[in-house]
Amino acid sequence: MLKQFGKPSSALLMQKHSFFEDNALHVEKQREIAKLYTAQSLRKHCKNCAQELHVEADFIKDSIPYKICKTCTHLNGAHEDTQEFCEKVYQQDDSSYAQNYSSGTVEDYEYRTASIYFPKAEFLFTCLKRENLNPHKLSYFDYGAGSGYFVAALVKLGLANVTGSDVSVAQVNLANRMFSSARLTCHSIDDGHKGLEETKAEVVSMIGVLEHLQTPREALAKINANPNIKYVFLSVPTFSLSVYIEMLDDNIFHRQLHGGHTHLYTEKSIDYLCKEFELEIVGRWWFGTDMVDLYRQIYVKLEQKHVSETIKNDFKNRLSKFLDQSQLELDKVGESSEVHIVLRKKNA
């Protein structure tokens, strides 16, 4: 199995500057989604393993109760991702949601593709090569493709047979404007993952998607049943230090566990899924933003205390000396806020 750790934070800091400077705006949106989420029915079964959850909450964060599954250790929000919730977050507020995942200009789009998504494409490419495959002879389908960044990264890598789909009309339209010919299509949020069922692609990717799906287990079952699919590339958020940092203050934007992230994966809950759906891990890349979240937490608190620019700059300079090094240590022990996994289907 290919193991990889760490990634520089510079591109993330540049592109997520709003999280530092517009904290109040993000918290306001966070509260709106929390209010909608807590109005939904209670979740009785684990989002990951479908086993019954215990009644009492393990903690409450910004009005939302959370429970750790005693079977697979998955972290579950106490309410369901109902049809109403998913449609409101991903479709009715389409343009607003898309703003979090889109770039304003062609130059911005290309920079985001190169700095954030091209390393992901390279990791997948390397894993496939290590499987003694020629990546150029395979076809790729990016499910939940958003604004098409990962599709663009695969194309930039020289791969030709690459397509994707997403529920967001705004994001699909943006993506297709960036390609010489349309590569993305729209699918319905309640179509039962028809795209996964019908794709002819050998490689399916879901980059930051599984945690947003109303029925992730059904999606994996469709992948498992489709004989065309041989490999799956996932990126999922994890229950990490970032969550504990968020527990400290509800008035600082919660990036990791909020909004569409109503549940989070653990190494054990991922292994549980792999065993159940007959998937073998052939590549795992741990990297996260836990230290950036800590940096942001302190920076926003300093702003709220109206410290001088001298103090804020001094803090930035001190943190920059060890930000990536300290995150790398978390990554090396699998304690980071995100993990990328390349999976081979055992029944392929």
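The first residue of the sequence shown is numbered 1, and numbering continues consecutively from there.
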So, Lys312 and Glu309, do they make that salt bridge, N to O below 4.0 Å? yes
Check this for me: does any side-chain nitrogen of one of Asp108 and Arg112 sit under 4.0 Å from a carboxylate oxygen of the other? no
Name all residues meeting the ring pair (Phe, Tyr, Trp, His ring centres under 6.0 Å) criterion together with Tyr66; count only those two or more places apart in sequence or in a different chain, and write none if there are none. Phe59
Looking only at side chains, do Gln327 and Asp331 share a donor and an acceptor under 3.5 Å apart? yes
Please answer: with hydrophobic residues joined when any side-chain heavy atoms are less than 4.5 Å apart, are Ile223 and Tyr140 in the same cluster? no
Using a strict cut-off of less than 4.0 Å between a Lys/Arg side-chain nitrogen and an Asp/Glu carboxylate oxygen, indicate whether Glu52 and Lys44 qualify as a salt bridge. no
Looking at Glu80 and Arg43, is any side-chain nitrogen of the basic one under 4.0 Å from a carboxylate oxygen of the acidic one? yes
Can a salt bridge be assigned to the pair Lys88 and Glu84 using a cut-off of 4.0 Å between side-chain N and carboxylate O? no
Checking Thr38 against His79: is there a side-chain donor and acceptor pair closer than 3.5 Å? no
Ring-plane angle category for Phe150 and Phe233, please: parallel below 30°, perpendicular beyond 60°, tilted otherwise. tilted
Does NZ or CZ of Arg344 fall inside the cone over Tyr231's six-membered ring, less than 6.0 Å from its centre and within 45° of the axis? no
Under the salt bridge (Lys or Arg N to Asp or Glu O under 4.0 Å) definition, can you give me all pairs with a residue in residues 67-78, not counting sequence neighbours? none
Could you list the residues that satisfy salt bridge (charged side-chain N to carboxylate O under 4.0 Å, His left out) with Asp249, not counting sequence neighbours? Lys301
In terms of relative ring orientation, are His212 and Tyr90 parallel, tilted or perpendicular, with 30° and 60° separating the classes? perpendicular
Should the ring pair Trp285 and Phe123 be called parallel, tilted or perpendicular, given that the plane angle runs from 0 to 90° and is split at 30 and 60? tilted
For residues 319-329, the salt bridge (Lys or Arg N to Asp or Glu O under 4.0 Å) pairs (sequence neighbours left out) are Glu329-Lys332
Please work out whether the ring planes of Phe20 and His17 are parallel, tilted or perpendicular, with thresholds of 30° and 60°. parallel
Using a strict threshold of under 4.0 Å (side-chain N to carboxylate O), is an ion pair present between Lys61 and Asp250? no
Looking at side-chain heavy atoms only, is the closest gap between Leu294 and Met291 below 4.5 Å? yes
Partners passing side chain to side chain donor-acceptor pair (under 3.5 Å) against Gln30 (at least two apart in sequence or in another chain): Asp62
So, is the end of the Lys120 side chain (NZ or CZ) under 6.0 Å from the ring centre of Tyr117 and within 45° of the ring's axis? yes
Report the residues that fulfil side chain to side chain contact (heavy atoms under 4.5 Å, CB included) with Leu12, sequence neighbours left out, ordered by chain and then residue number. Lys16, Thr289, Val292
side-chain contact (heavy atoms from CB on, under 4.5 Å) between Arg284 and His340, intermediate numbers included: CA-CA 6 Å; Arg284 193 182 332 229; His340 288 63; over 6 Å; no
